[in-house]
Amino acid sequence: MSKDKSAKIPTPQPVRGTQDMLGDFADRFAHVVETFERVRRLYGFKRIEVPVIEPTAVFARSLGETTDVVSKEMYSFEDRGGESITLRPEFTAGIARAYVTNGWQQFAPLKVATHGPLFRYERPQKGRYRQFHQLDAEVIGSDSPLADAELLVFADQLLKELGIAEGVTLTLNTLGDADSREAWRAALVAHFEAHRGDLSEDSLARLDKNPLRILDSKDPRDRPIADSAPDIDSYLTGEAQDFFGAVTAALDAAGVAWQRNARLVRGLDYYRHTAFEFVTDRLGAQGTVLGGGRYDGLIEALGGPPTAAVGWAAGIERLAMLVPDAKESPLPEIVILPQDEAMERLSSRIANILRTADNEISTEIALAGAYRKRYDKVKNAGYARAISLEPHEGAVCIARIRDLNVEGVKDVRDRVEAALGKFFLLEEMDQGFSRPWILQEKV
RNA sequence: GCGAUCGUAGCUCAGUUGGUUAGAGCACCGGUUUGUGGUACCGGGGGUCGUGGGUUCAAGUCCCAUCGGUCGCCCCA
């Protein structure tokens, strides 16, 4: 290490809105993913992998050119061939594209699940990052309300198994079919136009771009107008009512608790029927931990055949923040304490013996610092057992098992003895409780 | 894009109305001590106080700008 400060190399900073995880949070993150992978198998969802990068058109066309996401929140760039590429801001569009380009119609209805990183160019805040991670589940090619219900039961079980169902509520709404939605939208616009003078500036802009969004405005000036706006219920066609009734009946039959939220909407036009969010008040401004709905119009918008589909996505970081107790990744069962340089060289050989598939004793080697201080270090690090390697005249070494922390002690002595016994002659010394072995090479 | 708030050692932080050579704990390195044990002690390295200007005899401290973090607004597939 040079002390010459003029030669100091500036450290590149991480990209804004990205995060590095170590220890506790990384364990929580992994726990969420592992639980998801286990539960999705119980529901027969196939694992699917789709690219992180797609042609920009995949998202531009599916999300709508005018949405904020497309106009300013996508990570897009030109590749060397001049094609516009975008880092996926969501899973659904890429999965829909894969469904069409691979001819997966033959598998319909197709139940798929995936997880991984997504990218949105947004201002980071609690529970919102530019690179974030989601779980995702989709049912493509089914117009049955039972598909919606199964996805919701799946989501409900996932949250329960993660131990975060307390304080998280399933809120549910229907946007009806295309006819219902159009009629409701017209009624809403008429209602808001009538109160145009009392709306906030933000909502005046929404009136042109996305009037449904006024319903969940946070501005107190908008609340009375939004609250007095017509519900969709009186605009639902008979078919749309039946569909929603079938979804809720299936949820009730499965014992999934839900709340109607007639104000819950989706921004994009291709959403139909079911819309839902699992929400909590424990994450600041980011209340949604899992959200989704039915998007019967999407695949057609990508040039595919008319295809019914429904799905959800959940933020892994948000779920990880709610997981009650972090499951720490366990320390290796035993840690090797070499007592000098020669023993240090021997320790990787001993470690390899213990770690082999036959023996499966997870092993760490204490390599840093003065030999005499390593004992205290590994003890403070929480290891339960150590095996010290001491030089001994005329032998390979003396190996001594030492209990470090009373908590979590597991008797690995017999397993270590069996493992080492395959390679060395072990002579047990009569030295108190530790009963060290003198190791000799087998001839 | 807008607003609020915070930037002092690797980490968590202290630093009095501006006033000597900027501190602590943890971590790291070394030494002594101990030797079935979460030992104790001694010493050491490490900071242009985010960066750049300004005010002042004097700035970690006050002012402006800028960058970054955090939280919120917008948006949220």
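Here the structure is a predicted model, which means the values were calculated and not measured. Numbers restart at 1 for each chain; the letters A, B, ... are given by sequence-line order, proteins then strands. Side chains included, hydrogens not; waters and symmetry mates left out as well; all remaining heavy atoms used.
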Pairs under 3.5 Å (N/O, protein and nucleotides 2-4 of chain B):
from: B/C2; atom 1: N4; to: A/Arg123; atom 2: NH1; distance (Å): 2.8

Measure all distances between protein nitrogen or oxygen atoms and nitrogen or oxygen atoms of nucleotides 49-52 of chain B, and list the pairs falling under 3.5 Å.
none

> More 5' along RNA chain B: A/Tyr121 or A/Asp202, using each one's nearest nucleotide?
Replying inline: A/Tyr121
>> Using the P atom as the point on both nucleotides, what is the distance between B/U33 and B/C42, in whole Å?
In response: 15 Å
>> Between B/G1 and B/C26, how far apart are the two P atoms, rounded to whole Å?
In response: 44 Å
> In whole Å, what is the span from the CZ atom of A/Arg128 to the C1' atom of B/A77?
Replying inline: 12 Å
> Within the structure, does a side-chain N or O atom of A/Lys377 lie under 4.0 Å from either OP1 or OP2 of B/U39?
Replying inline: no
> Heavy atoms, side chains only, cut-off 4.5 Å: are A/Arg221 and A/Ser203 in contact?
Replying inline: no
>> Categorize A/Tyr295 for me: base, sugar-phosphate, or nothing, with a 4.0 angstrom heavy-atom threshold over every strand shown.
In response: nothing
> Do you know which two heavy atoms are closest between A/Phe45 and A/Glu138, and how far apart they sit?
Replying inline: CE2-O, 3.6 Å
>> From C-beta outward on A/Arg120, which listed nucleotide comes closest to its side chain: B/G72, B/C75, B/A77?
In response: B/A77
Tabulate atom names and distances for all N/O pairs under 3.5 angstrom spanning the protein and nucleotides 67-69 of chain B.
from: B/G69; atom 1: OP2; to: A/Arg16; atom 2: NE; distance (Å): 2.8
from: B/G69; atom 1: OP2; to: A/Arg16; atom 2: NH2; distance (Å): 2.9

> For A/Asp143, does the CG atom have more than 12 heavy-atom neighbours from other residues, nucleotides or ligands under 6.0 Å away?
Replying inline: no
> By ring-ring contact (aromatic ring centres under 6.0 Å, His included), which residues pair with A/Trp312, not counting sequence neighbours?
Replying inline: A/Phe154
> Is any side-chain N or O of A/Arg213 closer than 4.0 Å to OP1 or OP2 of B/A77?
Replying inline: yes
> Which is true for A/Arg206 with a 4.0 Å heavy-atom rule: it touches a base, it touches only sugar-phosphate, or it touches nothing?
Replying inline: sugar-phosphate
>> Measure CZ/A/Arg374 against C1'/B/C28 and give the value in whole Å, please.
In response: 15 Å
>> With a 4.0 Å cut-off on N to O distance, would you call A/Arg413 and A/Glu428 a salt bridge?
In response: yes
> More 5' along RNA chain B: A/Gly292 or A/Lys126, using each one's nearest nucleotide?
Replying inline: A/Lys126
> CG of A/Leu283 versus P of B/C76: gap in Å, rounded?
Replying inline: 20 Å
> Under 3.5 Å, is there a donor-acceptor pair linking the side chains of A/Gln131 and A/Tyr75?
Replying inline: no
> Within the distance-only criterion (no hydrogens, no angle test), does the side chain of A/Arg181 pair as donor or acceptor with the backbone N or O of A/Tyr271 below 3.5 angstrom?
Replying inline: yes
>> So does A/Thr56 get a backbone contact from the side chain of A/Ser84, meaning a donor-acceptor N/O pair under 3.5 Å?
In response: no
> Say you pick atom P in B/U17 and the same atom in B/C76; how far apart are they, in whole Å?
Replying inline: 48 Å
> For the atom pair CZ (A/Phe36) and CG (A/Leu135), what is the distance rounded to the nearest 0.5 Å?
Replying inline: 5.0 Å
> Roughly how many Å is it from CD1 in A/Ile214 to C1' in B/C74, rounded to a whole number?
Replying inline: 14 Å
>> Between A/Arg128 (side chain only) and A/Glu122 (backbone N and O only), is there a donor and an acceptor less than 3.5 Å apart?
In response: no
> So which heavy atom on A/Arg88 is nearest to which on A/Val50, and how close?
Replying inline: NH1-O, 3.1 Å
>> Main chain of A/Leu367, side chain of A/Arg374: is a donor-acceptor contact present, judged purely on distance under 3.5 Å?
In response: yes
>> What is the distance, to the nearest angstrom, from the CZ atom on A/Arg130 to the P atom on B/C75?
In response: 18 Å
>> Is A/Gln125 close enough to B/G72 that one of its side-chain N or O atoms is under 4.0 Å from OP1 or OP2 there?
In response: yes
> Under a 3.5 Å cutoff on both atom distances, Watson-Crick or G-U, what's the dot-bracket for RNA chain B ([ ] crossing, | other strand)?
Replying inline: (((((((..((((.....[...)))).(((((.......))))).....(((((..]....))))))))))))....
> Will you find, in the side chains of A/Ser217 and A/Asp222, an N or O donor that is under 3.5 Å from an N or O acceptor?
Replying inline: yes
> Separation of A/Glu122 atom CD from B/G72 atom P, in whole Å?
Replying inline: 13 Å
>> Below 30° counts as parallel, above 60° as perpendicular, anything between as tilted: where do the rings of A/His195 and A/His191 land?
In response: tilted
> Starting at OH of A/Tyr375 and ending at C1' of B/U34, how long is that distance when rounded to a whole Å?
Replying inline: 11 Å
>> Per the salt bridge (Lys or Arg N to Asp or Glu O under 4.0 Å) rule, what does the pair list look like for residues 279-308 of chain A, sequence neighbours excluded?
In response: A/Asp148-A/Arg294, A/Arg294-A/Asp296
